[in-house]
Amino acid sequence: MVTLATCFRTGFGEVTLSRHSRTNSRKEQNLRPWDAADELLLAHLAEQMPAPGKRFLIVNDQYGALTVALTTASPGYPIHFATDSFLSQQAARRNLAGNDLSDASISWHTSLDNIEGEMDYLLIKLPRSLALLEDQLYRYRQVCTPNTRVIAAGMVKYMPAGVFKLLEKILGHTQTSLAKKKARLIFCAPDLSDKTGTSPYPISYRLENTDYQIDNHANVFSRDSLDIGTRFFLANLPILEAHIEPGQAGEINIADLGCGNGIVGLMAAQRCPNAKIDFYDESFMALASAKSNFYRAFPDRSARFIIDDCMSSAAAGHYQVILCNPPFHQQNVVGDFVAQLMFRDAKKALRQGGELWVIGNRHLGYFNSLKRLFGNCLVVAANNKFAVLKASRHP
Ligand SMILES: C[S@@+](CC[C@H](N)C(=O)[O-])C[C@H]1O[C@@H](n2cnc3c(N)ncnc32)[C@H](O)[C@@H]1O
């Protein structure tokens with residue numbers, strides 16, 4: 001892990017922050033673990049200097065910049081931290097530790113937890129996905145009173161259109177500040193007297209050519225319909241029975257890496273009745289969706305749903321087959337660095353002779369990366385947009 005700690009000066013004190021990068025990507029490692037929207041939001045709060053004891057709910061704080069800064073304040077604030085990202089939760093904990101701050105004073109929540117009590121401040125770093133924001137506003141409306149100060153912050157170029165309308169519709173009167181260093185704050189005064197409605201998520205669709213109903217929480221990849229890349233992957237899955245070793249009673253260990261709603265693992269389970277499937281993702285909503293979809297389809301089978309950074313926690317040499325449709329970005333940073341990390345973790349987790357199957361856009365260059373890492377790579381299937389690749393682990 002690369003820990004490039006950078007000094008972050010705020011109105012609440014000076015802290016050091018790191019991205020705690022596991023990737024080999026210099027581009028990713030060198031990015032700052034905060035942005036101008038964090039600076040703007042903290043400067044605004046420091047001007048007001050909330051009284052000690054004011055309760056904060058901080059949402060989508062990617063590396064914990066807001067949480068760490070507000071925790072340095074003395075005598076401090078009760079803070080609730082909510083995120084859909086396991087990586088963000090880990091980064092915030094590590095950055096607290098890096099500043100000798102205890103994480104025991106923070107209440108940690110996943111994106112699916114019910115948060116109770118009334119908050120004085122609801123701070124939202126705007127996610128790229130309007131669906132996730134919509135779900136969060138409905139979910140966190142219950143901690144708002146007319147006195148709660150709701151402040152949403154984001155970089156103008158990443159702000160999804162419709163943020164303003166959504167805040168108005170779900171919470172109340174909304175106004176924006178002028179943009180500074182390409183960041184903007186949006187202020188909302190909750191008035192819940194005439195607000196009705198609930199989050200439309202999770203939403204469902206039926207997986208084509210099957211009877212499987214697929215649930216999708218708000219932050220799940222391709223939540224409205226089957227992604228065209230995933231469709232191509234499903235049409236070209238490996239013949240899993242070929243990997244069953246003699247004397248194994250038909251058992252085979254398979255991982256769905258970056259599972260999203262779990263469709264890929266689900267179809268592997270359908271084809272291989274004795275397969276043991278492990279689903280990995282860093283999104284709490286993805287894993288919850290995968291779990292609900294798997295148990296609805298196979299109420300009598302069991303599977304594991306593992307929150308992880310790629311598959312860093314997997315036992316070495318455990319899997320015969322790993323299936324992976326990698327992400328092409330991590331939050332706002334676009335690139336193949338997560339895919340590369342997934343390939344490295346997958347290689348360790350495969351048995352000798354085990355195979356990693358990957359679907360990717362043809363232009364992404366996964367073929368060369370896999371060939372370099374495994375010493376072999378085969379194009380199993382390709383169309384004008386996607387390729388399904390296979391790399392085998394040999395001694
Ligand atoms: C392109 S989607 C594929 C989803 C699903 N397998 C499919 O084919 O429809 C990539 C998935 O990788 C997950 N992901 C992103 N970064 C990750 C990481 N560092 N560790 C584990 N999963 C990650 C995302 O949350 C997302 O669900």
Side-chain angles (χ1 to χ4, degrees), residues 1 19-25 28 60 62-63 83-91 110-112 127-129 131-132 202 205 207-208 212 214-237 254-269 277-291 293-294 304-314 321-346 349 356-361 364 366 385-386 388:
M1 178 169 308
R19 294 173 78 92
H20 301 282
S21 175
R22 285 178 69 225
T23 78
N24 286 335
S25 160
E28 197 271 338
N60 309 324
Q62 201 182 347
Y63 297 95
T83 178
D84 186 46
S85 164
F86 173 68
L87 295 183
S88 292
Q89 201 180 79
Q90 277 201 318
T110 78
S111 48
L112 294 161
R128 271 188 107 152
S129 151
L132 177 58
Y205 64 85
L207 180 57
E208 56 199 40
Y212 298 140
I214 303 299
D215 285 349
N216 298 274
H217 282 286
N219 201 29
V220 170
F221 171 78
S222 203
R223 65 192 157 269
D224 300 312
S225 58
L226 181 64
D227 169 66
I228 50 169
T230 310
R231 179 184 290 129
F232 191 61
F233 201 20
L234 294 183
N236 292 286
L237 286 182
I254 298 173
D256 179 352
L257 174 53
C259 64
N261 57 21
I263 284 184
V264 173
L266 190 80
M267 293 312 289
I277 318 271
D278 290 342
F279 294 83
Y280 288 85
D281 209 289
E282 78 93 25
S283 151
F284 296 105
M285 287 189 168
L287 274 191
S289 308
K291 191 170 185 177
N293 295 330
F294 182 87
R304 295 194 298 175
F305 301 86
I306 301 167
I307 196 86
D308 201 352
D309 181 6
C310 303
M311 49 194 317
S312 64
S313 67
V321 176
I322 297 175
L323 306 168
C324 182
N325 179 4
F328 21 86
H329 62 86
Q330 194 96 80
Q331 265 91 6
N332 292 330
V333 187
V334 176
D336 69 352
F337 54 93
V338 186
Q340 304 296 345
L341 198 53
M342 287 184 163
F343 301 164
R344 266 174 27 211
D345 282 357
L356 169 63
W357 286 58
V358 173
I359 170 88
N361 243 289
L364 284 171
Y366 292 162
K385 208 157 176 213
F386 298 102
V388 176

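Counting convention: from 1, in listed order, for ligands and their atoms alike.
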(message) Need the ligand 1 atom indices (1-based, order shown) with element for anything under 4.0 Å from a heavy-atom of Cys259.
(response) 4 (C), 5 (C), 6 (N)

(message) Tell me whether ligand 1 is touched by Met311 - counting only heavy atoms on the residue side and a distance under 4.0 Å.
(response) no

(message) Quick check: do Phe284 and Ile307 have side-chain heavy atoms less than 4.5 Å from each other?
(response) yes

(request) Go through the steps for Asn216 and Ile214 under the test side chain to side chain contact (heavy atoms under 4.5 Å, CB included), then give the verdict. (result) CA-CA 7 Å; Asn216 298 274; Ile214 303 299; 3.9 Å; yes

(message) Using the rule given for side chain to side chain contact (heavy atoms under 4.5 Å, CB included), can you reason through Val388 versus Phe233, listing the C-alpha separation, both sets of side-chain angles and the distance that settles it, and then say yes or no?
(response) CA-CA 7 Å; Val388 176; Phe233 201 20; 4.0 Å; yes

(message) For Cys324, state whether at least one heavy atom is located under 4.0 Å from any atom of ligand 1.
(response) no

(request) With heavy atoms of Met342 as the reference, note each atom of ligand 1 found under 4.0 Å away. (result) 17 (C), 21 (C), 22 (N), 23 (C)

(message) Side chains of Thr230 and Ser222, heavy atoms from C-beta outward: is any pair under 4.5 Å?
(response) no

(request) Answer yes or no: does an N/O atom from Ala286 fall short of 3.5 Å to an N/O atom of ligand 1? (result) no

(message) Against ligand 1, does Asp227 come closer than 4.0 Å with any heavy atom?
(response) no

(message) Within the structure provided, determine whether Tyr212 and Met267 are in side-chain contact (heavy-atom separation under 4.5 Å).
(response) yes

(message) Show me which atoms of ligand 1 lie under 4.0 Å from any heavy atom of Thr230.
(response) 7 (C), 8 (O), 9 (O)

(request) Ignoring angles and geometry beyond distance, decide whether Tyr280 reaches within less than 3.5 Å of ligand 1 through its nitrogen or oxygen atoms. (result) no

(message) Between ligand 1 and Asp281, can you find any atom pair, the residue atom being a heavy atom, that is separated by under 4.0 Å?
(response) yes

(request) For the pair Tyr366 and Phe343, name the ring-plane relationship: parallel under 30°, tilted 30 to 60°, perpendicular over 60°. (result) perpendicular

(request) Report the part of Ser222 (side chain from C-beta onward, or backbone N, CA, C, O) that has a heavy atom under 4.0 Å from ligand 1; answer both or neither where that applies. (result) neither

(request) Report the member of Arg223, Met285, Glu282 with the shortest heavy-atom distance to atom 17 (C) of ligand 1. (result) Glu282

(request) From atom 6 (N) of ligand 1, work out which of Gly258, Gly229, Gly260, Gly360 has a heavy atom at the shortest distance. (result) Gly258

(request) Would you check the N or O atoms of Ser283, main chain and side chain alike, for any that come under 3.5 Å of an N or O of ligand 1? (result) no

(request) Would you check if Leu234 and Val264 make a side-chain contact, meaning some heavy-atom pair closer than 4.5 Å? (result) yes

(message) With a 4.5 Å cut-off on side-chain heavy atoms, are Asp256 and Asp281 touching?
(response) no

(message) Do His217 and Leu112 have side chains that approach each other closer than 4.5 Å (heavy atoms only, starting at C-beta)?
(response) yes

(request) Run the numbers for me: atoms of ligand 1, each under 4.0 Å from some heavy atom of Cys310, listed by number. (result) 18 (C), 19 (N), 20 (N), 21 (C)

(message) Can you confirm whether the side chains of Asn261 and Asn293 place a donor and an acceptor under 3.5 Å from each other?
(response) no

(message) My understanding is that we take every heavy atom of each candidate and find the minimum distance to atom 1 (C) of ligand 1. Doing that for Leu234, Asn325, Asp308, which one comes out nearest?
(response) Asn325

(request) Mark up the atoms of ligand 1 that fall under 4.0 Å of a heavy atom belonging to Leu87, in ascending order. (result) 19 (N)

